[in-house]
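What follows is one structure encoded as structure tokens, with my remarks underneath.
Worth saying up front: this structure is predicted, and the values here are computed from it rather than measured.
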Amino acid sequence: MEWYKDFPHIGYDLDGKKIYKPIRNKDELDDFLDKMENPDYWRTVQDKQTGSDVVLSDEQVELVKRLQRGQFGDVNFNEYQPQVEFFTQEVMLHPVTNRPADKRSFIPSLLEKDKVSKLVHAIKMGWIKPRRDSRDDSRGRYYDLWASEDTSNLARHRMHLPAPKIPLPGHHESYNPPPEYLFTDEERALWEQQDPVDRKFPFVPRSFSSLRLVPAFPRFIHERFERCLDLYLCPRQRKMRVNVNPEDLIPKLPKPKDLQPFPTTQSLVYRGHSGLVRSISVSPSGQWLASGSDDGSVRFWEICSSRCLKTVQVGGAVKSVAWNPNPSVCLLAVALDSAVLILSPALADRQVVLSSDRLLSAPQEAEPIEGDGLVNWSDTEGEELNQGIRLKIQHPKAVQQVAWHTKGDYLASVMPDHSSHLQVLIHQVSRRRSQNPFRKNKGLVQSVSFHPIRPYFFVATQRSVRIYNLVKQDLTKKLHANSKWISSMAVHPGGDHVICGSYDCKLSWFDLDLSTKPYRMLRHHRKAVRSVAYHRLYPLFASAADDGSIIVCHGTVYNDLLQNPLIVPVKVLRGHVITHELGVLDVTFHPTQPWIFSSGADATIRLFT
Amino acid sequence: MGGLQKKKFERGSAANYITRNKARRKLQLSLPDFRRLCILKGIYPHEPKHKKKVNKGSTAARTFYLLKDIRFLLHEPIVGKFRDYKVFVRRLKKAYGKTEWSAVERLRENKPTYKLDHIIKERYPSFIDALRDIDDALCMCFLFSTFARTGKCHVQTIQLCRRLTVEWMNYVITSSALRKVFISIKGIYYQAEVMGQLITWVVPYQFSHDHPTDVDYRVMATFTELYTTLLGFVNFRLYHSLNLIYPPKMDSKVEMDQMEDDDYAMTSESNSEKLSALSASLARAVSSAEEEEAELDQFPVEGEDIEQMEAKEKEQKQQKLFKGLKFFLNREAPRESLAFVIRCFGGEVSWDKSLCIGSTYEVTDETITHHIADRPNIEKQYINRYYIQPQWVYDCVNAKMLLPVEDYFLGVNLPPHLSPFVEEKEGDYVPPEKLKIMALQRGEKPANEEEEEDEEEGEEEEEEEGDEEEEEEEDEEEEAEEKNLKMMEEQRSQGKSLQVKVTPGKVKAENSARLEEEEKAEEKRLAIMMMKKKEKYLYDKIMFGKKRKVREANKLAAKRKAHDDAEKSKKKKAKK
């Protein structure tokens, strides 16, 4: 009938017409009511063949009961009728059959013999074992296993790593812990969010007011099992715990107190600029400070009084200023846009001013030289001349930096450009000549510098510093800075050491005698290093960075070639306010005093003494 | 010159290690058998130093075993037994298939078995080694002894585990080796000192387990097989070290007494049941009276420290903590645990006769001093005894002294139960309850202590925060100065005349000590800047860990304070 389960009919009659199921629309409730009210409910049965309900009669119910009891269905059937025997029980005088016994009942069976011999053979061969004593030997199973303790220390045992013991439970695990060990709602939420591996405890601390309320721990078997897994699956390794006093790790350096003098406090602030002050320079006499700013002005300050003596509007953001290091002249080179201006601020005694004028006006006859097409030298007139601007060197590209030679006659300017070999120009002021020293492009030039004593020229590109011999006109050394992007460079007044600051917060100190790799990398700053500087007389150097700090370090250089320079940070100077994510942009030392000047993006210049 | 070219991965670390599958093939075992062998022999994988070298250039995740370990497994006689078992299973299947029932029966009777004695001896060459590793064995046996006979493992195993654990507990009672007890939410932790070894085990609460499906019981059963053997041998040795009879028997005197009321169990069963009741002392090979008399006098050995002597004395005092006290357990208190602990510390204990076999005296006994119950109130109370909650017993054991019973009366809010395993170091957070107990141990009276503690903690916190504040202050000063200057400048630029005012200067009190400190701090900061990368990393890590510890301690203290404040305010409200 199950074939018709899903159909409305339950078969076909002789004419081939469907026989429909009786309509059953009883639901559970009707059924229940029926059960409660209908006295014949218990004897109502559904006929599977027709699908209709049938009420059993009394006889039928009786039959069912008899069958359930295991009795015959027929009431009248007697199951204990007297038995009719084929043969009588009594032994008769004459047997029923008189057949003599077989012969095979007197001779041993070959089949059995075969079986027995097979068994014997199996026992002999040890295939079948005789029964073991089934007595329980568990009582006497244990004995003194370690009675004869041999002290043989096998390599196995020496090498054995015992499994670590399970950590002992803390207050958290108590059934009634102090209230502070219970989770707050936040902690609980955090615990539920966390991955089971990251959780600090594998359970939630709970508190019960009495011992009888404590339930079984649901993960008990799990934990045991995990321990088992740890014991046989976990690779073991002997880990040496570093047990050091953290104080011992700090290197023993000479005390900063013993390394004085160095700038320690901010003493003067020079205010006046309205844009970021990109560059500052101190005059060789140590009396004047020049600064170039993004507001298009160059200002001259008296150092001691912090007064602005002179403001020259140059009409464009000033990228770099550099005071001529020759004390017998008083000139300032200013880089802005695509021009380099030579200023004569007239801030010295007459003699010096005159000599500088002489230097500028000496070669009137302009001889055409190679490279002349690149650069245009011109004298200034009128308003500009009144302001002190004497010379204008027009470059083909934007100038980023200017640097003087120590003698004060040569001037290098940097025009960074990826795709050109014309990045550095060296000008001779007295003869108004310019030349491009390089024929090939070796990377984006970041900054240049002259060697203070010998005819060397330092060019810092993005990743390395190249040192050229100007006399021989070849590359002498290439220093690898191990940093992503060099931002600035400074040469030690002795000429044997170079420091490079980089935008990836590093400062590298090169010892030219030692190697082309940095002798020491200092990662003191938290943000890009913008500028680095050496002091001319004192063993000091400083680095300024975008985090608004200037770090002054003591760096003694020994004449003895065997002794490496000693570098000790001595002071962290703060003062500049970080604006537009820029902090300190330039630092220079005072030529004679242990003072340091810094210019920042907050339009101020600060003096630390 | 030349010579043969060296082949890669044929010497060095690559030749010392072997992967699991290779090892399995070498031993000709199936994975479950290999697993079993590793568990029984205590072979564990090793983590090679250079994984790529060992893995022949590949970086796939593999488990490695030492080749020496695997070679060592090759000689194991048990491997042969494993193979026998495989054959046995095959034969049995065949016999079943042929419906040869006699053969089935015969095979069954000759089922191959193996003994682990030699493995135990090999893994633990000396008894102390075995004792050191008994922790896990005890935990496992205690767990298995609580299993119901539901077919998760063999009934014999469960019975054996129960027998062994009862033996162990009896030993601990007789030698009074128990040191610490801790009721956790997982179960009850016990720590005993046996032959100088601290042994910790955890016993689950007496509930039926709902067996998890993601646990491989075969692995657990293999471990239990090993552990029961180990525990049996250890028990044997321990019993003999105390001159006790093994397998344990009750003291004859006690047995005689109890023979009379032997009315509900068969003698063979009742014996083991009585043992597990933990109420009677055990029979000794040498009579106990003699031994106790022969207690050694103590001679102060010259090399021995006074402290050590004191510690010993204290220990002995602890062992007799409950001596002379008579306990009665109400039926809802956890009988086995309490009886075990009380008997370990020399107390007498009994319970209702209908609760368990082996009760020694009735509730009506007048000499009972402590009645342990775990319900809010008892209707019929006797006058000359304390009605206390079970936690008192455990706390007393951990404090090594009898604590005042007032806090533990029926219906009273219990003081927190602290873990005795935590040893606070300097700088760690110590819950005030612990300080209280420590004060009690020192013999001080617990009056107004909480307040003092709070103050101390407060001071510490302030010091920690102090350093940071100093820096901030400096910055603030500078900023203020700058603001002043700016103001002046603005005024000047606007053409206003400066408000000239001369104010008397203030003398800045220079705190020389503080200045010095600052200087030192700066020196340190500068020196830290010059650290090498590797050292800096380590230093940072150590300092981070230290700071985290402090932070956690502070957090706990703050939480406690908040809780206490809330409680106080609640109390005040209640009063109003």
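Only the side chain of A:Q237 comes within contact range of chain B, with at least one heavy atom under 4.5 Å from a heavy atom of that chain. Looking at A:P218, there are no atoms closer than 4.5 Å to chain B (heavy atoms on both sides), in backbone or side chain. Heavy atoms of A:R520 lying under 4.5 Å from chain B belong exclusively to its side chain. Only the side chain of A:L253 comes within less than 4.5 Å of a heavy atom of chain B; its backbone N, CA, C and O stay farther away.
A search for side-chain contact (heavy atoms from CB on, under 4.5 Å) contacts involving A:L233 returns A:L229, not counting sequence neighbours. Considering only residues two or more places apart in sequence or on other chains, A:E186 meets the side-chain contact (heavy atoms from CB on, under 4.5 Å) condition with A:T184.
Under the 30°/60° scheme for interplanar angles, the aromatic rings of A:Y175 and B:H417 are found to be tilted.
Your options are A:K255, A:E223, A:R236, and the one with the most heavy-atom pairs under 4.5 Å with chain B is A:R236. By number of non-hydrogen pairs under 4.5 angstrom with chain B, the leading residue of A:F203, A:F208, A:F220, A:Y181 is A:F220. Ranked by heavy-atom pairs under 4.5 Å with chain B, the list A:L213, A:I567, A:N176 is led by A:N176.
Looking only at distances, a side-chain donor or acceptor of B:S419 sits under 3.5 Å from a matching main-chain atom of A:P169.
A salt bridge does not link B:K561 to A:E180: none of the charged side-chain nitrogens sits closer than 4.0 Å to a carboxylate oxygen.
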The test is side-chain contact (heavy atoms from CB on, under 4.5 Å); show your working for B:T222 and A:Y232 and say whether it passes. CA-CA 11 Å; B:T222 315; A:Y232 89 100; over 6 Å; no
